[in-house]
Amino acid sequence: MPNLALLVALSVVACELAAGTTYEMIKEYAGSGFFDDWDYYDNYDNLTNGDAIFVGSGSDLTYIDSTTNRAIMKVDNTSTVAYNYKRDTVRIASKDRYEVGSIWIADMYHVPYGCSVWPAWWSQAPDWPTGGEIDTFEGVNLVTMNQMALHTESGCKQVDPVQSSTLINTTDCDYEVDDNDGCVVTDPSTASYGAKFAAAEGGVFVTEFAETGISIWFFSRSSVPSSISSNSSTIDTDNLGTPVANWPKGGCDIDTYFTAQNLIFDITLCGDFAGTASIFNETCTGTCYTDYVIGNASYYDTAYFDVASVRVYGVNGTDTTASSSSSSGAMSNNLWDSRTAAVLAAAALGATALLAI
Ligand SMILES: *[C@@H]1O[C@H](CO)[C@@H](O)[C@H](O)[C@H]1NC(C)=O
Ligand SMILES: *[C@@H]1O[C@H](CO)[C@@H](O)[C@H](O)[C@H]1NC(C)=O
Ligand SMILES: *[C@@H]1O[C@H](CO)[C@@H](O)[C@H](O)[C@H]1NC(C)=O
Ligand SMILES: *[C@@H]1O[C@H](CO)[C@@H](O)[C@H](O)[C@H]1NC(C)=O
Ligand SMILES: *[C@@H]1O[C@H](CO)[C@@H](O)[C@H](O)[C@H]1NC(C)=O
Ligand SMILES: *[C@@H]1O[C@H](CO)[C@@H](O)[C@H](O)[C@H]1NC(C)=O
Ligand SMILES: *[C@@H]1O[C@H](CO)[C@@H](O)[C@H](O)[C@H]1NC(C)=O
């Protein structure tokens, strides 16, 4: 006789999976207020050994382009840098952290690239590697394809992904394995990075941070779904098709390895990844620091993010967690109170371990 309870349980699970998940917008970073809710690192790169100084707020390396109303974050491409000095650039982290059960969508027209340049759009928990890291977008030097990854404590692997990319570099997400390579998937589309990304007018990166798994979609400008380009207040993952990268719960229990994430944009120069000689010489010639970072700024005209918006959606919408004291407008973030957010953001900036990306 069939176990009725089990059948019911299974069909409930099946329905939930088949139905996808609908998320409701909880936060928008866009337009003149884009930079309002981020912390600037304001220190040299002591995280990944880059030849870079991450500026504080108020720098002219982050601004809203008055023609496009989009956010620019760039490497200093005007100053001459002397030997033994580092070049100015940007690292910002969202003041708010987003829980399991969130999606973040970044609409970009340009990403930084060029010899010595190492940009990323990613997230992490403040006690990394506890709480995990999700790298939605990352590249170095003149590579042509975006690389995506998770970094976690021991025990999280990519197993049986449902994804379109066949370019799986590594499957163990443990930061202690292979010098913290993480479990890396490469996007086969050359429109996902560098000059071809820019030529296609960029596109949209979608990161789903769900109990059932972590997924990343990339849509080049001409194929951005209308639910995204229309600035819909809800996102249903059923309408997004197969993700380019996917790390299902089966190989990595998301609730165990991941906690609420700060979203981060950064651009560093050389350092542990871009500057490693055997990686640098795959796409560039010469020596990362002496031939590029120092001297005039002529190598950095393509080293900038141009971002139309970042939108965050949550499974609970704004009618969510516990003790938020205010019931302010629909777009206010009430995931936690602002004092907690400030403490957590400060902790995030202080606690990042070496090789965090
Ligand atoms: C949604 O609400 C549940 C129950 O209050 C909470 O545990 C969970 O963290 C919330 N998820 C998000 C993404 O806010
Ligand atoms: C990952 O694999 C792709 C395809 O084989 C390759 O082009 C890329 O360089 C690899 N990335 C890393 C970081 O090894
Ligand atoms: C996108 O939608 C949100 C809420 O639905 C709204 O607050 C915001 O102004 C819209 N953004 C743009 C750029 O139209
Ligand atoms: C790149 O550097 C590595 C070691 O640093 C060397 O073995 C390799 O031959 C170099 N490749 C090229 C294309 O120069
Ligand atoms: C910048 O430096 C490079 C390398 O030294 C040199 O080839 C180039 O002519 C310089 N450009 C300007 C505008 O000075
Ligand atoms: C520097 O980069 C910006 C784009 O970020 C570009 O508009 C500008 O022409 C570049 N060159 C100089 C010398 O500022
Ligand atoms: C990096 O520098 C900041 C500011 O001095 C400091 O708070 C932080 O602990 C340093 N991080 C590491 C990993 O050294």
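Counting convention: from 1, in listed order, for ligands and their atoms alike. Quick note: residue numbers are just sequence positions, from 1.
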**Request:** Flag Asp301 as yes when one of its N or O atoms lies below 3.5 Å from any N or O atom of ligand 6, and as no otherwise.
**Result:** yes
Which of the listed options, [options], holds the heavy atom that is closest to [atom]?
atom                    : options                     : value
atom 6 (C) of ligand 6  : Ile72, Asp306, Asn77, Thr78 : Asn77
atom 14 (O) of ligand 1 : Asn316, Thr318, Val312      : Asn316
atom 3 (C) of ligand 7  : Leu47, Asp45, Asn46         : Asn46

**Prompt:** Is it true that Ile26 lies under 4.0 Å from ligand 1, counting heavy atoms only?
**Reply:** no
**Asked** What atoms of ligand 7 come within less than 4.0 Å of a heavy atom belonging to Tyr41?
**Response**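 Counting from 1, the qualifying ligand atoms are 1 (C).
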**Item:** Closer than 4.0 Å: a protein non-hydrogen atom to atom 9 (O) of ligand 6
**Value:** no
Six-ring centre of [Y], [X] cation under 6.0 angstrom, axis tolerance 45°:
X      : Y      : answer
Lys196 : Tyr193 : no
Arg70  : Tyr109 : yes
Arg221 : Phe197 : no

**side chain to side chain contact (heavy atoms under 4.5 Å, CB included) partner of Trp122, the single match among Thr207, Asn262, Asp266** = Asp266
**Asked** Any ion pair linking Asp107 and Arg311 (charged N to carboxylate O, less than 4.0 Å)?
**Response**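 No, this pair does not count.
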**Request:** Please name the residue in the list Tyr23, Trp104, Trp217, Tyr313 that meets the side chain to side chain donor-acceptor pair (under 3.5 Å) test with Glu208.
**Result:**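 Exactly one option meets the side chain to side chain donor-acceptor pair (under 3.5 Å) with Glu208, and it is Tyr23.
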**Prompt:** Can you find an N or O of Ser102 that's nearer than 3.5 Å to an N or O of ligand 1?
**Reply:** no
